[in-house]
Amino acid sequence: MKIRYFDHAATTAVAEEVKDEMLPYFTENYGNASALYDLGKKSKEAINIARGRVARAINAKPNEIYFTSCGTESDNLILKGIAKAYRNKGNHIITSKIEHPAILNSCRSLEKEGVRVTYLNVDKNGFVDLRELEKAINKDTILISIMMANNEIGTIEPVKEIAEIAHINNVIFHTDAVQAIGNIKIDVKKLGIDAISMSAHKFYGPKGVGALYVDENINFVPIQNGGHQEDDKRAGTENVAGIVGLGKAIEIANQGIEEYNNKLLNLRNYFLERIRVIPYTKINGDLDKRLSGNINISFLGVDNRDIMKELNKKGICVSAGSACSSGFIRTSHVLSAIGLSEGIARGTIRITFGRENTKEDIDYLVDTLEETIKKLRIQN
Ligand code: PLP
């Protein structure tokens with residue numbers, strides 16, 4: 001059965017060109033980048049080329065890029081690293097209620113060590129309130145961490161304005177751009193961002209490799225002890241093939257970003273037009289300031305687990321808007337934060353389009369959804 005994949009916010013397939021660049025670093029150029037002979041130097045050079053590519057993609061300097069193992073590690077490293085480095089200045093962090101668990105759980109872990117965290121509310125479309133942000137800042141605030149784009153509802157936060165507020169108040173601004181990189185053109189200088197988390201597998205690179213940009217004037221303490229890799233900020237032998245893949249993937253993504261966005265927007269608009277055949281649906285999140293490939297949709301009166309079971313039988317991959325854990329429905333914290341009732345959240349799925357999707361795929365998706373929802377509503 002042909003697989004129709006609509007879960008690009010979860011992960012993406014590695015692009016052929018990315019894989020081709022990575023392959024030699026598994027079997028031929030396998031030297032440890034810290035070694036002083038030529039085989040080691042080849043790995044070091046490859047890492048430096050990738051660092052340059054990441055820096056160029058976001059208008060940063062190569063010495064401001066650190067490679068990590070994933071987006072989660074980048075988030076942990078910056079939050080915990082800044083909390084430690086600026087402990088003498090203050091112990092207050094501001095974030096939002098709709099961040100990814102990599103941020104939320106890092107904050108909870110810091111709270112156990114005495115750091116105070118403010119979790120900002122969002123409105124019905126998922127936007128943080130800038131006035132609430134301003135009010136939350138106090139003399140102890142050292143860091144604001146607000147995501148660039150939400151992974152569930154695709155809402156794009158006003159990061160430029162947030163950065164301005166942060167800097168007026170002499171506070172560092174970090175953004176988790178794991179969902180945004182490859183979808184939104186990012187210029188750290190123009191946007192005034194001090195730190196950014198990224199993850200290769202969200203933009204057609206490999207899993208198990210991420211990166212962190214940190215402005216060279218900002219200090220952070222490493223959270224992992226060991227060797228001197230990554231300028232003493234992230235110990236551990238580098239995942240050379242993964243880093244090479246991340247570098248290539250970000251370069252490709254950035255070069256084709258406009259074309260990619262246009263393609264995804266066309267697919268999304270086509271989906272929105274066609275999905276009208278199904279009554280009683282609700283699109284969640286903002287329709288304007290939103291990742292172009294994201295749809296978050298609630299089907300009233302049905303359970304998303306049943307929808308997904310039926311779609312899976314037809315080879316369709318989408319994601320649940322709220323997850324079931326140990327037999328309980330756990331309403332997504334994002335859907336709760338935008339005010340969705342548990343009943344509506346229960347019928348919510350996330351559809352995220354990507355490079356290989358076509359209009360024909362969407363026809364198949366909508367036809368299958370129409371049939372499925374009709375059947376489930378009759379059963380209920
Ligand atoms: N932050 C956001 C917004 C994400 O969507 C994800 C992954 O879904 C992460 C962080 C974690 O990234 P990784 O899977 O590379 O650990």
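For ligands, and for the atoms within them, numbers begin at 1 and follow the listed sequence. Below, all heavy atoms of this structure are taken into account, side chains as well, without hydrogens, waters or symmetry copies.
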Which option wins on minimum heavy-atom distance to atom 10 (C) of ligand 1: Asp176, Ile103, Asn76, Thr72?
Asp176
Taking 4.0 angstrom as the limit and counting only heavy atoms of Ser199, give me the atoms of ligand 1 inside it, by number and element.
13 (P), 15 (O)
Report yes or no: is the cationic atom of Arg234 (NZ for Lys, CZ for Arg) under 6.0 Å from the centre of the six-membered ring of Tyr66, at an angle within 45° of the ring normal?
no
Polar contact flag, side-chain donor to acceptor under 3.5 angstrom, Asn217-Asp215
yes
Proximal ligand 1 atoms for Val178, defined as those under 4.0 Å from one of its heavy atoms:
1 (N), 2 (C), 4 (C), 6 (C), 9 (C), 10 (C)
Quick one: look up the protein heavy atom nearest atom 5 (O) of ligand 1 and list residue, atom name and how far away it is.
Gln179 NE2, 2.8 Å
I need the atoms of ligand 1 closer than 4.0 Å to a non-hydrogen atom of Asn151, numbered in the order shown.
3 (C), 5 (O)
May I ask you to decide whether Lys374 forms a salt bridge with Glu371, counting only side-chain N to carboxylate O separations under 4.0 Å?
no
Quick one: is the NZ or CZ of Lys314 closer than 6.0 Å to the six-membered ring centre of Tyr364, and within 45° of its axis?
no
Distance check, rounded to the nearest 0.5 Å: Ile93 atom CD1 versus Asp140 atom CG?
11.5 Å
Could you pull out all donor-acceptor pairs under 3.5 Å where a side-chain atom in residues 249-259 meets a protein atom, sequence neighbours excluded?
from: Glu251; atom 1: OE2; to: Arg53; atom 2: NE; distance (Å): 3.2
from: Asn254; atom 1: ND2; to: Ala57; atom 2: O; distance (Å): 3.0

Do me a favour and list the nearest non-hydrogen protein atom to atom 13 (P) of ligand 1 with residue, atom name and distance?
Gly71 N, 3.6 Å
Identify every side-chain donor-acceptor pair in residues 176-185 under 3.5 Å, counting partners at least two apart or on other chains, and give the distances.
from: Asp176; atom 1: OD1; to: Val178; atom 2: N; distance (Å): 3.0
from: Gln179; atom 1: NE2; to: Ala9; atom 2: O; distance (Å): 3.0
from: Asn183; atom 1: ND2; to: Gln179; atom 2: O; distance (Å): 2.9

Identify the protein heavy atom lying closest to atom 4 (C) of ligand 1, giving its residue, its atom name and the separation to 0.1 Å.
His100 CD2, 3.3 Å
Using a heavy-atom cut-off of under 4.0 Å, does the side chain or the backbone of Met147 touch ligand 1, or both, or neither?
side chain
Do me a favour and list the nearest non-hydrogen protein atom to atom 14 (O) of ligand 1 with residue, atom name and distance?
His201 NE2, 3.0 Å
Salt-bridge present (Arg116, Glu111; N to O < 4.0 Å)
no
Check contact between Lys202 and ligand 1, using heavy atoms of the residue and a distance below 4.0 angstrom.
yes
Can you find a non-hydrogen atom of Lys207 under 4.0 Å from ligand 1?
no
